[in-house]
Amino acid sequence: MNQSSAPRTGRFPTVAFVALVVAGVVVAGCGLGSKEKTSSSERPESSVVEATPSQVPKQTLTVGRTVWYLGFKWTFETLTFDPQDDARVTGEVLAENLSNQDYTPDAGLLLSVGGRQYEGGFVDPTLVGGGQKSRQTVAFQLDDAFAGKLDSGEIIVGNADNTQAHVPLGSAGTLVANEPRSVLSGSHEVRIHEMSVWIKNCEVRPDVVPTHEQAKKGYTMLACGVDLQRHLDGGNGSGFGSENLRLKMPDGTTVGPTDYPSEALYTSAIVPDKYVSFLIPEATTGRAAVQVVVVAGDKPKPGEIKDLPITL
């Protein structure tokens, strides 16, 4: 109402006042402007928001799966996500040191869940004695995008450049354990001249146990125990090294060892518990042989190279 039409007395006429009161009642009854009622013909706004760690419930899994990596046997026991613990997933792993040397376990870990991947690792790992077991803690740092269930994911063990292991956390997924596979049991003597070499318990496995090294991606290792004996005492002695052991592949080619005994033998005492390993492509199958080579002269003569057959 403009200024010129207003009554000069400053009061509304009675009829106008009643009309305003009635209009107010009608408006209130219709709920105009009310936030508590919505027309049935209008689509309500969604109340779903993106989940954050604080909204995801605490999750605890019993994993109970074992893999082999870096000279250790790893058993992933439990895994827990606690949204109140800085959005972290923590777990317990039983680490069994398969070598005779004390070693501190450490490996790159990746948690793959809900279409995302989260880096992790061992938390303050402790030394594990040779042939001993120790429980270690692992942890993964999540972010606000995590809204999934742990049992839909997997843990990837190892760097991408190496042969990795995969640990599914639920019923889905495939366990890639890289469990060692025996290709020769027991101890087998090969004697050439005054040298005896015992090749023992050969396995196809993903790692070099004594040095805690891992095969590179796409490859695996043939690993055997080795005992040595020179059947002579005194003299100039005999050396034994990489040139004395090799692997004859199924296609007839030969490869040298990556790890091998390096010994100077001056007595007839047995030198036990040595190790030889060969790096081979993962897809290698068929008849092969560990070759023992003891050459007395400049060139090998018949009988100075002997094969110990194995099946890969």
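Values below: every heavy atom of this structure, side chains too, minus hydrogens, waters and symmetry copies.
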(request) Considering non-hydrogen atoms only, spot the tightest contact between L169 and L61 and give its length. (result) O-CD1, 3.8 Å
(request) Provide the closest heavy-atom pair for V123 versus A139 in the form atom of the first, atom of the second, distance. (result) CG2-CB, 3.6 Å
(request) Report yes or no: does Q214 contribute a side-chain atom to a donor-acceptor pair with the main-chain N or O of Y69 at less than 3.5 Å? (result) no
(message) Test your reading of the model: is there a side-chain donor-acceptor pair from N159 to the backbone of D161, 3.5 Å cut-off?
(response) no
(request) Taking all heavy atoms of Y219 and all of A215, pick out the closest pair and write down the distance. (result) O-CB, 3.6 Å
(message) With no hydrogens and no angle check, just 3.5 Å: does a side-chain donor-acceptor pair link R246 and T254?
(response) no
(message) I'd like to know if the side chain of N162 and the backbone of K217 have a donor-acceptor N/O pair within less than 3.5 Å.
(response) no
(message) Using side-chain heavy atoms (C-beta onward) and a distance below 4.5 Å, is P250 in contact with L312?
(response) yes
(request) For atom CD of Q141, decide whether the heavy atoms of other residues, nucleotides or ligands shown that lie under 6.0 angstrom number more than 12. (result) yes
(request) Please test I155 against R65 for side-chain contact (heavy atoms from CB on, under 4.5 Å), starting from the C-alpha separation and ending with a verdict. (result) CA-CA 11 Å; I155 293 175; R65 289 193 166 102; over 6 Å; no
(message) Quick check against the 3.5 Å criterion: does N100 have a side-chain atom that pairs as donor or acceptor with the backbone of G130?
(response) no
(request) Using the side-chain contact (heavy atoms from CB on, under 4.5 Å) rule, take L184 and N201 through it: C-alpha gap first, then chi angles, then the decisive distance, then the call. (result) CA-CA 5 Å; L184 183 71; N201 302 321; over 6 Å; no
(request) Give a yes-or-no answer on whether the side chains of S268 and Q229 include a donor-acceptor pair shorter than 3.5 Å. (result) no
(request) Give the minimum heavy-atom separation between V197 and M195, together with the two atoms involved. (result) CG2-CG, 4.0 Å
(request) Answer yes if the side chains of T66 and T75 hold a donor-acceptor pair under 3.5 Å, and no otherwise. (result) yes
(message) Would you say D82 and T80 are linked by a side-chain donor-acceptor pair, where the criterion is simply a distance under 3.5 Å?
(response) no
(request) Indicate yes or no for a side-chain donor-acceptor contact from E203 to the backbone of P180 under 3.5 Å, with no hydrogens or angles considered. (result) no
(request) Grab the two heavy atoms, one from V295 and one from G297, that are nearest each other, plus how far apart they are. (result) CG1-O, 3.2 Å
(message) Looking at N178 and Q164, would you say the former's side chain and the latter's main chain have a donor-acceptor pair under 3.5 Å?
(response) yes
(message) If we ignore hydrogens and angles and just use 3.5 Å, is the side chain of T104 paired with the main-chain N or O of T126 as donor and acceptor?
(response) no
(message) By the side chain to side chain donor-acceptor pair (under 3.5 Å) test, which pairs, at least two apart or in different chains, include something from residues 293-312?
(response) H193-E304, R287-T311, Q291-D307
(message) I'd like to check the ring-ring contact (aromatic ring centres under 6.0 Å, His included) partners of F72; sequence neighbours left out, ordered by chain and number.
(response) W74, H212
(message) Using a strict threshold of under 4.0 Å (side-chain N to carboxylate O), is an ion pair present between D207 and K73?
(response) no
(message) With a 3.5 Å distance limit and no angle check, can you tell me whether D233 reaches the backbone of T267 through a side-chain donor-acceptor pair?
(response) no
(request) Consider only side-chain heavy atoms of I, L, V, M, F, W and Y, link residues closer than 4.5 Å, and tell whether L228 and L308 are in one cluster. (result) yes
